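Just below is one structure, and these are the notes that go with it.
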Protein chains: 2
Amino acid sequence: MRIGELSRATGVAIPTIKYYVREGLLPAGQLTSPNQARYDDGHVRRLRLIRGLMDVGGLSVAAVREVLAAVDAPEEPVHKVLGAAQEAIAPPQAAAPDGIEEARRTVEGLIRRRGWRVAPQNPSVEALAVALATLQGLGHGDFEELLEGYADACERVADADLAWVGRNAEVDRLVESVVVGTVVGDAVLSALRRLAHVDASARRYEGGETV
Amino acid sequence: MRIGELSRATGVAIPTIKYYVREGLLPAGQLTSPNQARYDDGHVRRLRLIRGLMDVGGLSVAAVREVLAAVDAPEEPVHKVLGAAQEAIAPPQAAAPDGIEEARRTVEGLIRRRGWRVAPQNPSVEALAVALATLQGLGHGDFEELLEGYADACERVADADLAWVGRNAEVDRLVESVVVGTVVGDAVLSALRRLAHVDASARRYEGGETV
DNA sequence: CAGAATGGATAGTGGCGCTTTCCGCTATCT
DNA sequence: AGATAGCGGAAAGCGCCACTATCCATTCTG
């Protein structure tokens, strides 16, 4: 397969493919002569993965590069890959808002109560604390009363996710499903939450009008 | 309060505040003379809201402007505000991936089975279909088996969210909590899901090592 | 009354994700 | 065999975004 065909198969413009190769997201084609190269199904799959992570997951090129490094790390155990993927997609830390200390204690307490085996330096711990401190700073601190319910829901979802990931026997498919499940799963979950909001709001506040 | 004090109170640089005023995110101060203006607590709150939506929710300036328009719309019923907020924060529609038609039918079926009162043109419907089609295109189409579990979790979360929003008696606080709950709630939910993933993975794949 | 701060306008900056252009070479069609 | 289209690689350019810097005349502050 030459680059034009790869482009047609994936809907990605040729200069963009060249750009991804330059940026280290996509391996270069196999050179058959100084200025000809062949691409294969692996390139098609990789390119689709890149676009999925960017378009649906909203990842930057840099984040995709890190995620793919985790995917390509040979024979890492699942648990490590998950950690690496989470590191890679963690949003850039904004400045700590007021009240972050108290929010950190809230998060720590939640993790302890739940018995979650999470390292304190996990980026999601801080991300959660920042979100809670922001809510507090906006005068919506009572949001914390919803936390346990959120955590219940997430435990259930996470168990199902892990069972789903575990069904992939081949290691490289498994690793990829960890990444895809994390990134695209977020998009699925937030879309579903919005739909459920609309429904709950329709039941609560409207006779039947939909939005 | 003059602009320097507003800047110190919120941690937002003066030129940035001026920029937000220019962009229509923040109302101008009350002029006391041709080149002096006063700002008040409303400006502090609004500025914090803007930064929360951008930093935690990841919204663009344009999205924040639309969200705030919904917040400021006088006396709109909650249901409408929710719809407007969702419109405003809907991610820009990427090109439809292959298999979008089938994914749309899957989503439609889910909504019908659930009895959700959602308009078919709701942007989250399409966002969900795009996410599912992407999973399919990456060879992870069996993710759909998790959908019902995700939907269960979201129904529970959404009910709690609406109850929480409904506790705000004053209308403007209520409207703001709809917006904040939607945007910042997403961040909370995805952080919790990641933590739950790490825990589930630790239990499943590791003796006790944390990530 | 000196020095700092202000409102308002205009222009500039740095990062990101491409896109354009150019070159000499290669594959393919007829 | 010649015409045409496509290729790989490098370099420069572009459009958007979220600020940031500079300037000015005016006004507040010590």
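Chain identifiers are assigned alphabetically (A, B, ...) following the order of the sequence lines, protein sequences preceding nucleic acid strands; residue numbering begins at 1 within each chain. Bear in mind the structure is a predicted one, so any value in this text is a computation, not a measurement.
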Acceptor/donor pairs from residues 4-18 of chain A side chains to any protein atom, 3.5 angstrom cut, sequence neighbours excluded:
from: A/Ser7; atom 1: OG; to: A/Val12; atom 2: O; distance (Å): 2.6
from: A/Thr10; atom 1: OG1; to: A/Leu6; atom 2: O; distance (Å): 2.8
from: A/Thr10; atom 1: OG1; to: A/Val12; atom 2: N; distance (Å): 3.4

Inset, instruction - Pull out every residue in residues 28-61 of chain B that has a heavy atom closer than 4.0 Å to any atom of DNA chain D, ordered by number, or say none. - result: B/Ser33, B/Pro34, B/Asn35, B/Gln36, B/Met54, B/Ser60, B/Val61
Legend entry - Spatial distance of atom CG (A/Leu189) from atom CG (B/Leu146) [nearest 0.5 Å]: 11.0 Å
Inset, instruction - Might you confirm whether atom CD of A/Gln30 has over 12 heavy atoms from other residues, nucleotides or ligands at distances under 6.0 Å? - result: no
Inset, instruction - Any pair with a residue in residues 21-39 of chain B that passes salt bridge (Lys or Arg N to Asp or Glu O under 4.0 Å), sequence neighbours left out, goes on the list, sorted by first then second residue, please. - result: B/Glu23-B/Arg65
Inset, instruction - For residues 82-101 of chain B, pull every pair meeting side chain to side chain donor-acceptor pair (under 3.5 Å), keeping only residues two or more places apart or in separate chains. - result: B/Glu101-B/Arg104
Legend entry - Sequence neighbours excluded, every pair satisfying side chain to side chain donor-acceptor pair (under 3.5 Å) that has a member inside residues 175-184 of chain B: A/His140-B/Glu176, B/Arg45-B/Glu176, B/Asn168-B/Ser177
Inset, instruction - Could you list the residues that satisfy side-chain contact (heavy atoms from CB on, under 4.5 Å) with B/Gln36, not counting sequence neighbours? - result: B/Arg2, B/Thr32, B/Ser33
Inset, instruction - Return the set of residues passing ring pair (Phe, Tyr, Trp, His ring centres under 6.0 Å) with A/Phe143 (not counting sequence neighbours), or none when no residue passes. - result: A/Tyr150, B/Trp164
Inset, instruction - Check each residue of residues 2-11 of chain A for a non-hydrogen atom within less than 4.0 Å of any atom in DNA chain D, then write out the ones that pass by number, or none. - result: A/Arg2, A/Ile3, A/Gly4
Legend entry - Any A/Val56 side-chain heavy atom under 4.5 Å of A/Val183 side chain: no
Legend entry - ring-ring contact (aromatic ring centres under 6.0 Å, His included): pairs with one or both residues in residues 166-202 of chain B, sequence neighbours excluded: none
Legend entry - Side-chain N or O of A/Tyr20 closer than 4.0 Å to phosphate OP1/OP2 of C/dG17: no
Inset, instruction - Taking A/Arg173 for its side chain and B/Gly139 for its backbone only, find out whether a donor-acceptor pair lies under 3.5 Å. - result: yes
Legend entry - Where protein sits on nucleotides 9-15 of chain C, one letter per nucleotide: B base, S sugar-phosphate only, - none, heavy atoms under 4.0 Å: -------
Inset, instruction - Heavy atoms of chain A, cut-off under 4.0 Å: which first and last nucleotide of DNA chain D, 5' to 3', fall inside that, if you could look? - result: D/dG6 to D/dG9
Inset, instruction - Return each pair, listed once, that meets ring-ring contact (aromatic ring centres under 6.0 Å, His included) where at least one residue sits in residues 32-54 of chain B; pairs must be two or more places apart or across chains. - result: B/Tyr39-B/His43
